[in-house]
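First the structure, in the form of structure tokens, and then the observations on it.
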Amino acid sequence: MKKQIKQLKKEKNAVMLAHYYAPAEVQEAADFVGDSFYLAKVAKQSDADIIVFCGVRFMGESAKILNPDKKVLMPDPTADCAMAHMVREGIIAEMRAKYEDLAVVCYINSTAELKCQSDVCVTSSNAVRIVKNLPNKNIFFIPDRNLGAFVAAQVPEKNIILNDGCCPIHAHISAKQVLAEKGKHPMAKVLAHPECEAEVLALSDFIGSTADIIAFAKTDPAAEYIICTEDGVDYKLAADHPDKRFYYPEPRPCCKDMKRNTLEAVLAVLEKEDQEIIISEEIRRDALIPLERMLELSK
Ligand code: 13P
Ligand code: SF4
């Protein structure tokens, strides 16, 4: 299947992007693998005719918003991020009416419709820096309350209003699970994604995006780690460090939507060129503004 995928990519001038949570064999077959921010940048710079996005819908949508003339294909169109929808209808307008000087900061894990109503997008790798540099004092951070709270703790000079959304996978990782791993591996450092609950972040030695966690393990001298994020990162961590040990909370955090990106699905979508991301021009134009602002502000 990998050979066929390679051949089809070449014939069709297609590029394959995969998130670190995609299945290992898909990451292995991809041209670019990374966190959400890296993949958005790669999508923007790509000169391929077709982008096969092995992630969840908001990632494919962001690639399409940034590349209206390219075909963006999803191996499984039902691969969606539950958190991307967790903003109550009408709440953004209510907040804008309440605070004159309000910036709506939208985590990239959100629908295109939510991006349209926002001032700037962020990812877990640039949220602190971007919020810090906004001129606004009042920030409505959507949809993730955990990333929002993490940013609020780093930027105390701002009034950050949290929205009640979260990632079900990261929210399920508990302090008890982390402490159980710590009990088994007392020397292990805890590396966590900021989508985790505050009780887990409080136990962590390092907090960052998937790419930040991978980069940290690369330069850090420790030999053992407890990884508090989706277990797809294990492919890269284990490949980079055959000499180090990586443990996960039990049950191992697994995003079923990310795992829908199988090699079979990639091959089928490359053959048929169906399952294309379609966004109306009106929504695309409005959603592009906060996405481009993010790319600009994180330069
Ligand atoms: P990253 O931006 O760290 O890759 O995270 C994306 C995501 O979906 C985390 O659950
Ligand atoms: Fe969304 Fe959570 Fe899956 Fe990331 S791990 S894509 S935030 S559901």
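Order of appearance sets the numbers: ligands from 1, and atoms from 1 within every ligand. Since the model is a prediction, treat every value here as computed from it, not as a measurement.
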query: Do any nitrogen or oxygen atoms of S36 come within less than 3.5 Å of a nitrogen or oxygen of ligand 1?
result: yes

- prompt: Judged by non-hydrogen atoms, does E195 sit under 4.0 Å from ligand 2?
  reply: yes

message: If I apply the N/O under 3.5 Å rule, does D35 come out as touching ligand 1?
response: no

- prompt: Between K2 and E25, does at least one N-O distance fall below 4.0 Å, as a salt bridge requires?
  reply: no

message: How long is the straight-line distance from CE of M83 back to OG of S110, given to the nearest 0.5 Å?
response: 8.5 Å

- request: Go through ligand 1 atom by atom and flag the ones less than 4.0 Å from a non-hydrogen atom of H19.
  value: 1 (P), 4 (O), 5 (O), 6 (C)

query: Within the stated cut-off of 2.8 Å, is an N/O/S atom of C255 closer than that to atom 3 (Fe) of ligand 2?
result: yes

query: At a 4.0 Å cut-off, with the gap strictly under it, does some heavy atom of D257 reach an atom of ligand 2?
result: no

message: Suppose I only count heavy atoms of C81 and a 4.0 Å limit; which atoms of ligand 2 are within that range?
response: 1 (Fe), 6 (S), 7 (S), 8 (S)

- prompt: Can T229 and Y21 be counted as having a side-chain donor-acceptor contact under 3.5 angstrom?
  reply: yes

task: Would you tell me whether D220 and Y225 have side-chain atoms, one donor and one acceptor, within less than 3.5 Å of each other?
output: yes

Contacting atoms of ligand 1, where contact means under 4.0 angstrom from a heavy atom of H170: 10 (O)

field: Protein heavy atom at shortest distance from atom 5 (O) of ligand 1
entry: H193 NE2, 3.2 Å

- request: Show which atoms of ligand 2 fall inside a sub-4.0 Å distance from at least one heavy-atom site of I169.
  value: 8 (S)

Proximity of N109 to ligand 1 by residue part, where a heavy atom lies under 4.0 Å: side chain

statement: Only residue of K44, R284, K41 satisfying salt bridge (charged side-chain N to carboxylate O under 4.0 Å, His left out) with E292 is K44

query: Yes or no on side-chain contact (heavy atoms from CB on, under 4.5 Å) for L263 and E28, after CA distance, side-chain angles and deciding distance?
result: CA-CA 10 Å; L263 276 184; E28 202 181 15; over 6 Å; no

Salt-bridge contact R293-E296 (side-chain N to carboxylate O under 4.0 Å): no

field: Numbering as shown, the atoms of ligand 2 that approach Y21 to under 4.0 Å (heavy-atom distance)
entry: 4 (Fe), 5 (S)

- request: Measure the distance from atom 2 (Fe) of ligand 2 to every protein heavy atom, then report the residue, atom name and distance (to 0.1 Å) of the closest one.
  value: C167 SG, 2.3 Å

message: Taking A48's backbone N and O only, do any of them form a donor-acceptor pair with N13's side chain (distance below 3.5 Å, no angle check)?
response: no

message: For K115, is there an ion pair with E61 - N to carboxylate O distance below 4.0 angstrom?
response: no

query: Can you list the atoms of ligand 1 that are under 4.0 Å from a heavy atom of S124?
result: 1 (P), 2 (O), 3 (O)

Subset of ligand 1 atoms that lie under 4.0 Å from at least one heavy atom of S209: 3 (O)

query: How close does the nearest protein non-hydrogen atom get to atom 9 (C) of ligand 1, and which residue and atom is it?
result: E195 OE2, 3.1 Å

- prompt: L134 versus I139: any side-chain heavy-atom pair under 4.5 Å?
  reply: yes

Numbered atoms and elements of ligand 1 in range of Y21, under 4.0 angstrom, heavy atoms: 7 (C), 8 (O), 9 (C), 10 (O)

message: When you compare the side chains of D80 and H85, does any donor N or O come within less than 3.5 Å of an acceptor on the partner?
response: yes

